[in-house]
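All values reported here derive from a predicted model rather than from experimental measurement. Letters A, B, ... mirror the listed sequences (proteins, then strands); counts begin at 1.
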Amino acid sequence: MAFSLRALSLHAGNFQDRYSGTRSGWWAWFLQRLTGVALVGYLFLHIAVISTARAGADTFDTVLIILQKPFFVVLDLFLIAAVLYHALNGVRVLLFDAGIAIKQQALLFWVCMLLTAVITGVAGYFSLPLIFRE
Amino acid sequence: MKPRDMSAPLMSRQEKIITGFWPWFLQRVSGFLLIFLVGVHIWMTHFSGLGDVVRGHQEELVLFEIVKQRLAQGLFIFIDFSLLALVLYHGLNGMRNILLEWGPAARHAAGMTAGLWLLGVGTFIYGAWALLAFIL
Ligand code: HEM
């Protein structure tokens with residue numbers, strides 16, 4: 001699996017050095033990249049959507065009412081999961097840069113995954129009334 | 001593949017040399033600051049008004065008037081503009097790191113970096129212009 005996805009990562013040389021040589025280290029790195037690129041794509045979409053405000057309050061509200069329909073609330077939960085994983089793993093990387101907890105890297109990867117799942121779950125729970133609106 | 005020496009830094013020296021110290025360092029600083037900025041942003045737009053929407057006091061979480069009221073406070077103007085600048089820097093610097101690992105882009109590193117700056121500054125101006133619709 002790791003090997004076949006390798007080509008996807010556009011990696012040119014220092015691949016082995018990038019991650020710990022363990023499976024979780026590879027996944028941590030790959031998911032960081034995947035979420036990072038996805039969030040950049042979303043960022044441009046998001047700015048484009050918000051800029052409809054320039055066409056006036058009515059246009060903005062028309063667009064935003066559509067984007068707050070249940071389908072998009074569910075999509076927002078994926079967005080929250082991506083941001084959470086990326087931010088948490090970002091902190092994990094910062095710790096390693098500071099020389100902290102490098103030996104616990106695999107454990108910390110699972111902590112990131114768990115926290116992402118739990119916090120997204122809580123956000124999902126509170127969003128239920130919006131997802132099941134009349 | 002045999003596990004590498006876990007006492008060594010995870011990032012290769014090669015990477016630091018390719019992307020440069022400052023971009024590497026500022027990627028960390030901007031990432032750290034984004035935890036708070038993105039946190040406040042998502043909380044304010046998606047969760048703080050949830051009770052009002054559920055109880056029917058408010059039609060939707062995000063509408064023009066609601067954003068306008070929020071951006072009448074200096075603190076939120078500061079947060080939104082900082083967020084816009086930092087997220088563009090962090091995101092595009094991240095893209096630069098990825099592109100620099102790819103031979104053809106690395107051979108034109110200077111031009112690519114200039115292109116990304118142009119894209120970033122252009123998008124900041126566009127985003128700021130959009131935000132001003134709520135402020136002015
Ligand atoms: C919310 C807090 C955030 C934190 C703490 C954070 C942290 C980090 C860190 C530490 C890295 C470097 C990873 C490495 O060199 O191994 C990184 C990479 C990256 N980040 Fe973020 N980030 C955050 C938000 C964002 C957002 C909102 C975006 C999108 C606009 C983004 C896009 C990227 C990209 C594209 C990369 C490059 C990925 C790679 O090199 O594989 N980040 N982030």
Side-chain angles (χ1 to χ4, degrees), chain A residues 2 9-22 25 29 32-33 36-37 39-41 43-44 46-61 64-65 67-68 73 76 79-80 83 86-88 90-91 93-94 96-97 99 102-103 105 123 126-127 129-130 133, chain B residues 1-15 18 24 27-28 31-32 34-35 38-39 42 46-47 50-51 53-54 59-68 84 87-88 90-92 94-95 97-103 105-106 119 123-124 126-127 129-134:
Chain A
S9 70
L10 292 182
H11 217 282
N14 53 353
F15 180 78
Q16 288 199 21
D17 225 21
R18 255 341 246 274
Y19 71 112
S20 66
T22 62
W29 166 79
Q32 185 71 3
R33 179 155 289 191
V37 173
L39 291 174
V40 170
L43 175 63
F44 283 97
H46 182 59
I47 294 174
V49 166
I50 298 307
S51 72
T52 57
R54 275 285 148 187
D58 289 342
T59 310
F60 182 80
D61 287 352
L64 267 287
I65 285 170
L67 293 180
Q68 287 171 94
V73 176
D76 282 346
L79 177 66
I80 285 179
V83 170
H86 187 92
L88 288 164
V91 173
V93 171
L94 288 178
F96 300 160
D97 285 339
I102 295 173
K103 291 203 168 83
Q105 69 86 16
F126 284 107
S127 303
L130 299 182
R133 272 206 282 196
Chain B
M1 192 182 298
K2 83 177 201 299
R4 71 195 278 275
D5 173 12
M6 297 295 280
S7 62
L10 286 186
M11 189 181 62
S12 67
R13 290 191 56 218
Q14 190 191 349
E15 184 185 5
I18 294 173
W24 173 85
Q27 186 72 0
R28 267 93 193 131
F32 184 74
L34 282 173
I35 298 175
V38 173
I42 296 182
H46 285 256
F47 295 97
L50 211 54
V53 175
V54 172
E59 198 109 350
E60 297 286 350
L61 284 167
V62 180
L63 291 172
F64 191 92
E65 268 313 307
I66 296 165
V67 180
K68 192 176 162 150
L84 180 61
V87 82
L88 279 168
H90 182 94
L92 293 177
M95 295 306 294
N97 289 341
I98 295 173
L99 287 168
L100 284 179
E101 286 173 17
W102 179 51
L119 178 64
T123 310
F124 178 82
Y126 182 76
W129 173 74
L131 277 175
L132 287 175
F134 300 99

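- Contact of B:Val53 with chain A is made through the side chain alone, with heavy-atom distances under 4.5 Å.
- Heavy atoms of A:Leu130 lying under 4.5 Å from chain B belong exclusively to its side chain.
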Next item on the list: Apply the test side-chain contact (heavy atoms from CB on, under 4.5 Å) to residues A:Phe60 and B:Val62: give CA-CA distance (whole Å), side-chain angles for both, the deciding distance (0.1 Å), then the verdict.
Entry: CA-CA 10 Å; A:Phe60 182 80; B:Val62 180; 4.3 Å; yes

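- Using a 4.5 Å cut-off between heavy atoms, B:Ile66 does not touch chain A at all.
- Listed options B:Val38, B:Val67, B:Leu84, B:Leu132 were ranked by heavy-atom pairs under 4.5 angstrom with chain A; first place goes to B:Leu132.
- The line from CD1 of A:Ile47 to CH2 of B:Trp129 is 13.0 Å long, rounded to the nearest 0.5 Å.
- To the nearest 0.5 Å, atoms CD (B:Glu60) and CG (A:Leu64) are separated by 8.5 Å.
- The two residues A:Ala53 and B:Ala130 have their closest heavy-atom pair at CB-O, 4.5 Å.
- Surrounding CZ of A:Phe126 are at most 12 heavy atoms belonging to other residues, nucleotides or ligands under 6.0 Å away.
- If you measure heavy-atom distances from A:Asp76 to chain B, the contacts under 4.5 Å come from the side chain alone.
- Interatomic distance, A:Leu43 CG to B:Thr123 OG1, rounded to the nearest 0.5 Å: 8.0 Å.
- Highest contact tally toward chain A, considering only B:Ile35, B:Leu92, B:Leu61, B:Leu34, is held by B:Leu61 [criterion: heavy-atom pairs under 4.5 Å].
- At a 4.5 Å heavy-atom cutoff, A:Leu88 makes no contact with chain B through either its backbone or its side chain.
- Among A:Ala123, A:Ala48, A:Gly90, the residue with the largest count of heavy-atom pairs under 4.5 Å with chain B is A:Ala123.
- The choice from A:Ile65, A:Leu67, A:Ile50 that makes the most heavy-atom pairs within less than 4.5 Å of chain B is A:Ile65.
- At distances below 3.5 Å, at least one donor-acceptor pair connects side-chain atoms of A:Asp61 with backbone N or O atoms of B:Phe64.
- Atom OH of B:Tyr126 has more than 12 neighbouring heavy atoms from other residues, nucleotides or ligands inside a 6.0 Å radius.
- Side-chain contact check for A:Leu39 versus B:Val87: every heavy-atom pair is 4.5 Å or farther apart.
- Between the CD atom in B:Gln27 and the CG atom in A:Asp97 there is a gap of 11.0 Å [rounded to 0.5 Å].
- Put simply, the side chain of A:Val73 does not reach to within 4.5 Å of the side chain of B:His46, judged on heavy atoms.
- Highest contact tally toward chain B, considering only A:Gly36, A:Gly56, A:Ala57, is held by A:Ala57 [criterion: heavy-atom pairs under 4.5 Å].
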